[in-house]
Novice: 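Supplied in structure tokens, the structure appears directly below.
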There are 2 protein chains.
Amino acid sequence: MKRTGADTPQRILDAAERLFARGGFAATSLRAITAEAGVNLAAVNYHFRSKEALIEAVFARRLEPVNRQRFQMLEAAQARTGRRSPPLEAILEALAAPALRLRGEMTDGGVSFQRLMGRIFLEPGEHAEAILQQQLGEVAARFRAAFEKALPQLPPADLYWRIHFLVGAMAHTLAGTHILPHFVGDRCDPADVEGTIRRLVAFLAAGLRAPVRAAGRKRSRKT
Amino acid sequence: MKRTGADTPQRILDAAERLFARGGFAATSLRAITAEAGVNLAAVNYHFRSKEALIEAVFARRLEPVNRQRFQMLEAAQARTGRRSPPLEAILEALAAPALRLRGEMTDGGVSFQRLMGRIFLEPGEHAEAILQQQLGEVAARFRAAFEKALPQLPPADLYWRIHFLVGAMAHTLAGTHILPHFVGDRCDPADVEGTIRRLVAFLAAGLRAPVRAAGRKRSRKT
DNA sequence: GTCTATATGGGGATAGAC
DNA sequence: GTCTATCCCCATATAGAC
């Protein structure tokens with residue numbers, strides 16, 4: 001323990017990721033993080049400026065490669081179909097797979113960060129929204145455009161709502177908070193990353209393609 | 001201000017709901033809650049036992065009527081179809097509408113509580129999971145059974161995952177955290193409760209009905 | 001870069017007067 | 001039921017020795 005090597009920032013990031021995922025940002029103290037990391041309390045404020053800056057660093061470390069891969073997959077899919085839009089499934093896989101595959105690529109950091117990433121969508125507060133906007137703004141813009149092209153007949157309001165539902169399903173899957181817990185392991189396996197991706201993509205593609213109620217006919221709200 | 005009437009517990013619940021929704025549980029202090037409510041700090045520990053008990057009370061107050069209504073709507077739909085299963089759309093509406101309609105029924109408590117309810121699904125920690133299990137355990141069990149009956153051909157693992165995605169989309173919609181913020185109000189209106197319900201139900205019904213890849217054919221993971 | 005020690009403030013909870 | 005005052009603990013952040 002307590003190797004004084006130069007990997008202290010790494011160790012802090014790993015511990016912070018793990019504990020933030022378990023307990024949330026506000027409830028996780030720097031003391032707990034430094035204890036878990038086996039480093040001194042003051043090291044956090046030396047290597048990072050503050051707790052808030054540490055949170056941002058935790059996200060940036062993982063999200064930047066994930067987003068690069070998302071864009072690569074999206075562009076590859078677009079290149080395959082030329083001027084036509086790629087199939088919905090390819091767009092959805094480009095969006096979901098890089099994040100979900102984190103689970104397999106790291107010992108346990110992947111799982112922790114997935115929970116974090118899922119949670120940031122529902123986390124309140126200012127820095128959460130800043131991180132979202134800063135790290136995911138371009139992702140949102142480019143994938144929204146891709147969906148719009150793939151579903152040209154869909155009214156903008158419906159497209160927006162469906163993207164909203166899609167984000168919710170993805171975030172919840174990343175977060176890994178399973179209701180019906182007696183089910184997990186019994187009839188389904190969250191560690192089956194590729195199966196999860198396949199099922200998520202199929203579900204979302206069908207939802208995005210759902211028929212739209214004729215625009216003129218407004219429901220009367222009573223029955 | 002500071003009316004010493006017997007409605008102090010009410011005032012505390014209202015303030016707590018509002019502030020918890022805005023800032024989360026851990027980051028919201030009892031001092032802030034009592035200040036917002038215009039009551040004394042000690043009143044919280046007098047009327048409720050502790051902060052944790054206050055959180056549970058906040059959820060119980062709204063969730064109990066919502067869940068009653070969910071069961072009523074589910075049973076009404078089942079009564080209409082006799083031994084056959086109700087259409088997916090009716091089940092989904094029974095699950096989603098009572099919660100989403102909270103927005104219209106209260107001045108602003110509805111919006112606050114919706115955010116809370118959406119967030120509890122991703123909130124970490126012990127009491128969050130306890131509340132989830134205790135308040136939503138029966139809801140999960142009965143609606144899962146309804147979905148199972150409505151989709152008898154769906155393998156259990158796929159059914160589980162689809163319910164999981166469904167919960168994520170619902171929670172995110174309740175939480176009301178809109179990505180692509182330049183869209184809201186521009187092309188879509190979160191205050192249109194019935195429109196939101198209609199779109200959510202259509203999206204989820206299509207996702208639940210998505211075709212399942214033939215069981216025997218396992219994808220080789222390499223393209 | 002790392003550590004000890006501490007400054008400074010805020011948290012939940014309670015005792016006891018009214 | 002309500003309030004003041006306070007106990008006791010823990011938080012983030014920093015100063016300054018090593």
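A note on names: the letters A, B, ... follow the listed sequences, proteins ahead of strands, and every chain is numbered from 1.
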Novice: Can you check each nucleotide of nucleotides 13-18 of chain D against protein heavy atoms at under 4.0 Å and return B for base, S for sugar-phosphate only, - for none, in 5' to 3' order?
Specialist: BB----
Novice: Apply salt bridge (Lys or Arg N to Asp or Glu O under 4.0 Å) to E148(A) and list each qualifying residue two or more places apart in sequence or on a separate chain.
Specialist: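 Applying salt bridge (Lys or Arg N to Asp or Glu O under 4.0 Å) to E148(A) gives R144(A).
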Novice: Check salt bridge (Lys or Arg N to Asp or Glu O under 4.0 Å) between R62(A) and all other residues, then give those that pass, not counting sequence neighbours.
Specialist: E17(A)
Novice: Whole-Å distance between dG12(C) P and L19(B) CG?
Specialist: 12 Å
Novice: At less than 4.0 Å, is any side-chain N or O atom of S29(B) found next to OP1 or OP2 of dG11(C)? Yes or no.
Specialist: yes
Novice: Could you work out, with salt bridge (Lys or Arg N to Asp or Glu O under 4.0 Å) as the rule, every residue matching R199(A), not counting sequence neighbours?
Specialist: D158(B)
Novice: With the threshold set at 4.0 Å, does a side-chain nitrogen-carboxylate oxygen contact exist between R198(B) and E93(B)?
Specialist: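 E93(B) and R198(B): not salt-bridged.
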Novice: In whole Å, what is the span from the CD1 atom of I12(B) to the P atom of dG1(D)?
Specialist: 11 Å
Novice: Not counting sequence neighbours, which residues clear ring pair (Phe, Tyr, Trp, His ring centres under 6.0 Å) with Y160(B)? List them please.
Specialist: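 Expected list: H178(A), F183(A).
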Novice: May I have the distance from F25(A) (atom CZ) to dA11(D) (atom P), rounded to whole angstrom?
Specialist: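 That distance rounds to 17 Å.
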Novice: Nearest whole Å is fine: how far is dA5(C) P from N40(A) CG?
Specialist: 11 Å
Novice: Return no unless some side-chain N or O of T8(A) is found under 4.0 Å from OP1 or OP2 of dG1(C).
Specialist: no
Novice: Could I get the full list of salt bridge (Lys or Arg N to Asp or Glu O under 4.0 Å) partners for E64(B), not counting sequence neighbours?
Specialist: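 Expected list: none.
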Novice: Output the rounded distance in Å from CG (L54(B)) to P (dG11(C)).
Specialist: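 Between P of dG11(C) and CG of L54(B): 15 Å.
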Novice: Base, sugar-phosphate, or nothing: which does T34(A) touch, judged by heavy atoms less than 4.0 Å apart?
Specialist: nothing
